[in-house]
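Chain naming here is simple, since letters A, B, ... match the order of the sequence lines and numbering starts at 1 in each. Please read these numbers as outputs of a predicted model, since none were measured by experiment.
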Amino acid sequence: MSRGQDSFKQRYSRALDEEFLQEALERATTRFRLGRSMSLGDIEDFDALRQQGKEIKEYALSQLDVNLGALADRVEEAGGKVFWAQTGEEARQYIADLAGARGVKLAVKSKSMTTEEIDLNDSLAEVGVEAVETDLGEYIIQLAGERPSHLLAPAIHKTKEQVAELFSEKLGEDLPNDIGALTLAARRALRQKFLNADMGITGANFAVAESGTIVLITNEGNGRLATSLPPVHVAVVGIEKVIPTLSDLSVLLKLLIRSAAGQKISSYVTMVSGPRRGWEIDGPREFHLVLLDNGRSRILNSEYRQSLHCLRCGACLNVCPVYGKIGGHAYGWVYPGPIGAVITPLYNGLKENRDLPHASTLCGACMDVCPVMIDLPEMLLKLRRDEAEQKFGGLWERLAFKFWNYGVGSEGKYNFFSRLGRKMQSPFVRNGKIAKPPFPLSRWAKERDFPPLAENSFRERWADMENDRPSEEADG
Amino acid sequence: MTDSENREKILEEVRKALLTGEIAPIGGRQKPETSESLPSTENIEVLTGKFIEEAVLVGGLVHRAADAEEARNHLKGIIGKCEAKLVVRWDDPLLAELGLDDVMKKAGVEVITENLRILADAEEGGYAPPEKIEEARAFVKQKLAQADLGITGAQYAIAETGTLVLSAGEGRGRAVSALPPVHVAVVKTENLVSSMEELLPLASGSQGRDIPTMESCLYFITGPSRTGDIELALTIGVHGPKELHIILLGAE
Amino acid sequence: MEDGEKRELKASLFITCLVDQFRPSVGEAMVKVLKSYGVQLDFPHGQTCCGQPAFNSGHLAEARKTAEHFIEVFDGTDYIITPSGSCAAMVKKHYVTLFPDDTAMEERCRNLGERVYEFSEFLVKVLKIEEVKCNYSGRVTYHHACHLLRELGIEDEPLRLLKSVQGLQYVEMQKADQCCGFGGAFSIRYPEISQAIVDDKIAQIKQSEADTVVANDTGCIMNLSSRINRLGERIKVLHLAELLAGIE
């Protein structure tokens, strides 16, 4: 389901106007790009590693039923519980029921796109559970009531002044515009939440079938606290996250962490394989693995299966010229950037999101950096084809292309329209440009000088060139 | 719907998708190579050097100790600098061997050892009433919340990235290395391995066996906790420890 | 073969609809340069468009018809030279995908793709030119057109030729491989985003202090020059061929 009632155009227009967002996007994408390329310095053949990653993902999905079964068996053997949720609604219901049954009043959450995908926090609020985001960036935007603007750094659109104001208001303290002090304030506030939480909710970056292990990658340590202090741990994991073995994991960890954060490894990698055992002094008494389908098996069964390979690293965002200008909010859902433009229509409907596949120049930079070599441009093209076939685009567009097709159908027609165009444009050509070309070219001309058709086309001059006669006309 | 019905429904959808969808590549995938890592026949000194280099790069503080006395001295220094008054530690044979408690007691530090059986007054046979166990857990949690410092061992350390590997288990709590603002980890150089690829089979005990078995929780700790979430400015010490001290035990 | 040696090569011009209709000087420049290397050129008159606009907007049937027409028109030619990276990529990489159930057509597309060359690619790979014998005085920077760079892998060739021009001062700009924001229909569907992207590109050009930017794709050239003109910036936008031919 899509967020908000604004149109794509309204959202991106707003983003283009926000100066601080533009600066923040520039800074963030540059920093992440640099970090990524520097972190590749000690890997001899990164492309070979990417190829390995791609093959692991292909293989993992090709055996998805086997892998899911093995994962679930191992988790249950270790004393964990597995809930299979076909839809987001089923997952929400299960977790809400569990919270009710355990008397949960407070839950701490470690960053999980999957839980945002299913709007988990809202449904917990409905049953009286306060679900606190503990990833600093997510905490900030939760307090502010906003959506993330970047996959990894959700609050980059906020200045430290804005954060200081926000924290001062919500935490009831008078905080300076100092990042260290603000971080400390968040640490203090969230420690109380960690200590008093009845439930810890996380996602997982990977789920390893052979050992029944889920893997959490963080830098802040909130994933560790959320999985060691509260008595109940719930992990919501998309079924596409399952990989067969631990050695597959080591390849993907390398790819993900370098592509995402430009680090060789994050500060914390936590591998959880069930609830606490025996005389362990802390750790959750109960571990619930919620395996989420929510459309993934449908995508598995489509031309878009490759999109399920995504590791959610955010590298594609950092090189996308479009994302770099419009930021995360403009995409209207939880996944931004090139991958967001592909999967948002797949999960929430192409008709409702038909702008996204078109809002790309198909430059291909995304595919170049994807750690598992997902062919994003190809999938954007496929979505455009789906849209053309299903005729969601305006009537005008279809007519325009039919007309164009007619016009380029033969030399004769082409030349006819070329001459016609030149005749029709001549009253409007001034100083070598057309100030007000007809719609839709008028949209181009708002901020750019639209060039006129040349007085003599190349093919008309060819005869002279062929015979080496200098052409009569000078060029504009 | 029952659990197994839910499971079957989803697996059915997946199987259908796989039968009618794209054909999987023939031959699966190549076995991931470990060509990136240093060969593990590398001697300990080389691994140690690499580990220290990487650990320091990410902000860890490394203290080499050739024997128990040097280890104790390092701890004494750390405790003094942090002005620690309350410490929680793993109930680990290595930590006991090193006699770290003496140092701390002499400095007037209260030490809580994570031995649940003792704390819950368990009988010889291993029984204790559930309420006492819960009380003991709550007690330790409260102490952890106030502790200035947490001390653990580390099962392994990875040289390639300067990473400590801690596994949870009896006597080896999780929050002790995450909640207090300072974490001290004692690791033996003989437990150094070169890379994650080398480590995982060891940690899962899967060498020579068909099915790997993991501990309930395995932590890979590299440096103190950090974030860049506000204006991308790097800040050390968010939710996890602000300081990570590694006492590296082994002949120099 | 020696650098710049004249030889009897026959090639056909695939001039592209944008060059033909909006910027024929690029075509003229190509002809001048190729002729100076002794290439015998012809211009198959039936050519219209490569089909990108329809293809990129998902209208496959129309794209297919255009491809079929193109294949006919250029049947039997040995070398097909085009000034536009994106058009070359369309023909070389995407035509074959238009005929999934027709192996005969797929074969024709593959064969066709092998005969198509982007202008600088042709100079370097076929004519084996290492240095060009021409002058240009100015500070020149180069923009890597996306399809040329990423779909065709042509990165070095235009730069090598450019840097060998006498009197030319080459300067590299930041993010030289970032998209210029044209994207075909994108620039008309989302003009504000397109403008924000091209303004970035222009800022990079200005920062490099170049007075000229070279790009081997007509879409990029049109996009850059139309915005530069509106902004009143004094930056020349040229196709490599135009620079080599001394046509400004």
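The greatest number of non-hydrogen atom pairs below 4.5 Å with chain C, out of Lys9(A), Arg385(A), Glu389(A), is found for Arg385(A). Top candidate by heavy-atom pairs under 4.5 Å with chain C, chosen from Arg459(A), Glu411(A), Arg384(A), Arg448(A), is Arg448(A). No other option in Phe8(A), Tyr406(A), Trp444(A) has as many heavy-atom pairs under 4.5 Å with chain C as Trp444(A). Among the candidates Pro377(A), Ala359(A), Ser418(A), the residue making the largest number of heavy-atom pairs closer than 4.5 Å to chain C is Ala359(A). Options Arg150(C), Glu62(C), Gln195(C), Gln178(C) differ in how many heavy-atom pairs under 4.5 Å they form with chain A, and the most are formed by Arg150(C). Between chain C and the options Asp355(A), Leu441(A), Val322(A), the largest number of non-hydrogen pairs under 4.5 Å is found for Asp355(A).
Ring geometry for Phe43(C) against His45(C) counts as perpendicular: the plane angle is over 60°, on a 0 to 90° scale with 30° as the lower cut. Between His94(C) and Phe55(C), the angle of the ring planes lies from 30° to 60°, which puts this pair in the tilted group. Ring geometry, Phe450(A) versus Phe22(C): the interplanar angle exceeds 60°, so the pair is classed perpendicular (tilted spans 30 to 60°).
Using a 4.5 Å cut-off between heavy atoms, Cys17(C) contacts chain A through both its backbone and its side chain. In this structure, the portion of Ser360(A) lying under 4.5 Å from any heavy atom of chain C is its backbone and not its side chain. Heavy-atom distances place both the backbone and the side chain of Leu453(A) under 4.5 Å from chain C. Contact annotation for Lys446(A): only backbone heavy atoms (N, CA, C, O) come within less than 4.5 Å of a heavy atom of chain C. Glu26(A) touches chain C through its side chain: at least one heavy atom from C-beta onward sits under 4.5 Å away, while N, CA, C and O do not. With a 4.5 angstrom heavy-atom cutoff, Pro452(A) touches chain C only via backbone atoms. Using a 4.5 Å cut-off between heavy atoms, Phe401(A) contacts chain C through both its backbone and its side chain. At a 4.5 Å heavy-atom cutoff, the contact between His69(C) and chain A is made by side-chain atoms alone. Heavy atoms of Lys32(C) lying under 4.5 Å from chain A are absent altogether. Ile326(A) touches chain C through its side chain: at least one heavy atom from C-beta onward sits under 4.5 Å away, while N, CA, C and O do not.
When only modelled atom types and interatomic distance are considered, Thr29(A) and Tyr323(A) share no side-chain donor-acceptor pair under 3.5 Å.
Using a 4.0 Å cut-off between charged side-chain N and carboxylate O, Asp17(A) and Arg14(A) make no salt bridge.
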